*Asks:* 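I have a structure here, written as structure tokens, and I will follow up with some questions on it.
Read the numbers this way: they start at 1 and go in the same order the structure lists the ligands and their atoms. Treat the numbers as computed from the prediction; the structure is a model and nothing was measured.
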Amino acid sequence: MSIRFDGKVAIVTGAGNGLGRSHALELAARGAKVVINDLGGARDGVGASSEAADSVVAEIQAAGGEAFAHGANVAIFSEVEDMVAQTVAKWGQVDILINNAGILRDKSFSKMSIDDFKLVMDVHVMGAVNCSKAVWEIMKEQKYGRIVMTTSSSGLYGNFGQSNYGAAKMAVVGLMNTLAIEGAKYNVHVNALAPTAATRMTEDLMPAEVLAMLVPEAVTAGALTLCHDNAPSRFILCAGGGGYAKSSIFETDGIYLSPEQQNPEAVVANWEGICDTANQAELETGFKQSEKFLLKAQAYLQANQ
Ligand code: NAI
């Protein structure tokens with residue numbers, strides 16, 4: 001089965017470099033019309049330039065594809081709204097949004113300024129919120145939408161020096177969870193991609209021979225599976241160097257403590273039961289957790305009437 005995007009309109013944020021560029025080129029090669037969004041700043045978010053985005057547009061056009069560049073800063077809603085308005089004016093629809101734009105401001109939490117924390121949150125979290133919000137009603141109305149959040153193993157599991165980035169990358173998973181629930185009945189699927197690739201973001205973090213194996217195209221193969229017609233929804237796909245894996249949040253079945261045992265000593269004494277993974281599950285919504293606990297409490301009350 002060949003995966004095609006003919007007739008689809010895609011917006012890829014941060015598409016001037018690295019992973020976004022690779023996603024955009026492959027979407028265009030497979031038939032999509034693509035908006036190449038990029039602010040064009042440095043890795044830490046300083047500066048702006050249209051050069052990178054323009055060169056990706058030229059590459060797509062030279063290969064016979066359709067694309068235009070937009071320099072919206074994803075952290076600024078009015079600029080994102082303008083990008084979406086231009087897209088609709090030109091192509092009439094928005095089918096795919098890949099929230100990929102990102103910056104780094106690594107420092108240990110002790111040394112990190114609140115400004116560095118906020119800027120990283122703004123670009124990754126508010127960037128994804130702004131872009132998703134600007135296309136949301138369009139996707140709902142056309143009863144078709146595919147949104148990809150770009151998370152990171154740093155958010156899912158933590159990394160030294162990345163409290164800002166990790167917090168932001170987990171926040172977009174939270175955004176995905178609820179948007180996937182709210183989008184379900186409108187055929188709007190929302191997924192997350194946790195990449196590892198050699199880009200300017202990682203060029204000084206790993207040795208050259210490792211970087212050579214981490215080609216962006218391997219991650220793009222994963223990204224495209226999250227935004228085609230038969231894409232799953234609410235899936236966290238990890239991709240890097242040709243490896244692909246699913247990441248999930250599981251909750252153990254847990255235990256019930258009677259009212260007289262609802263104290264820290266009893267919680268500690270029952271730690272093994274709390275951690276027992278035998279019947280662990282992925283929960284569909286937050287309410288499912290409350291429901292599970294209430295069922296346990298009800299069962300106890302019935303047994304002790
Ligand atoms: P990159 O630095 O090569 O590309 C990021 C692009 O986003 C740049 O072209 C930059 O100009 C653009 N950008 C930054 N701030 C922007 C803003 N406010 N508005 C619009 N565009 C903006 O980095 P890379 O590696 O391609 O990263 C892409 C995404 O993948 C990011 O979200 C990053 O956090 C994520 N990621 C990358 C990993 C890797 O191994 N390369 C690992 C985990 C996550």
*Asks:* My understanding is that only one of R234, K246, K288 makes a salt bridge (charged side-chain N to carboxylate O under 4.0 Å, His left out) with E282; could you say which?
*Replies:*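 So the option named by the test is K246.
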*Asks:* Strictly below 4.0 Å, N to O, side chains only: are D115 and R105 in salt-bridge contact?
*Replies:* no
*Asks:* Roughly how far, to the nearest 0.5 Å, is NE2 of H23 from CG of L224?
*Replies:* 8.0 Å
*Asks:* Regarding E203 and R43, does a basic nitrogen lie under 4.0 Å from an acidic carboxylate oxygen?
*Replies:* no
*Asks:* R21 vs D38, test: salt bridge (charged side-chain N to carboxylate O under 4.0 Å, His left out). Steps then yes/no.
*Replies:* CA-CA 10 Å; R21 172 180 172 273; D38 210 286; over 6 Å; no
*Asks:* Would you please indicate yes or no on a ring centroid separation below 6.0 angstrom for F68 and W91?
*Replies:*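 Between F68 and W91, which both carry aromatic rings, the centre distance is below 6.0 Å.
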*Asks:* Protein residues near ligand 1, heavy-atom distance below 4.0 Å?
*Replies:* G14, N17, G18, L19, N37, D38, L39, G40, G41, A72, N73, V74, N100, A101, G102, I103, V123, H124, T150, T151, S152, Y165, K169, P195, T196, A197, T199, R200, M201, T202
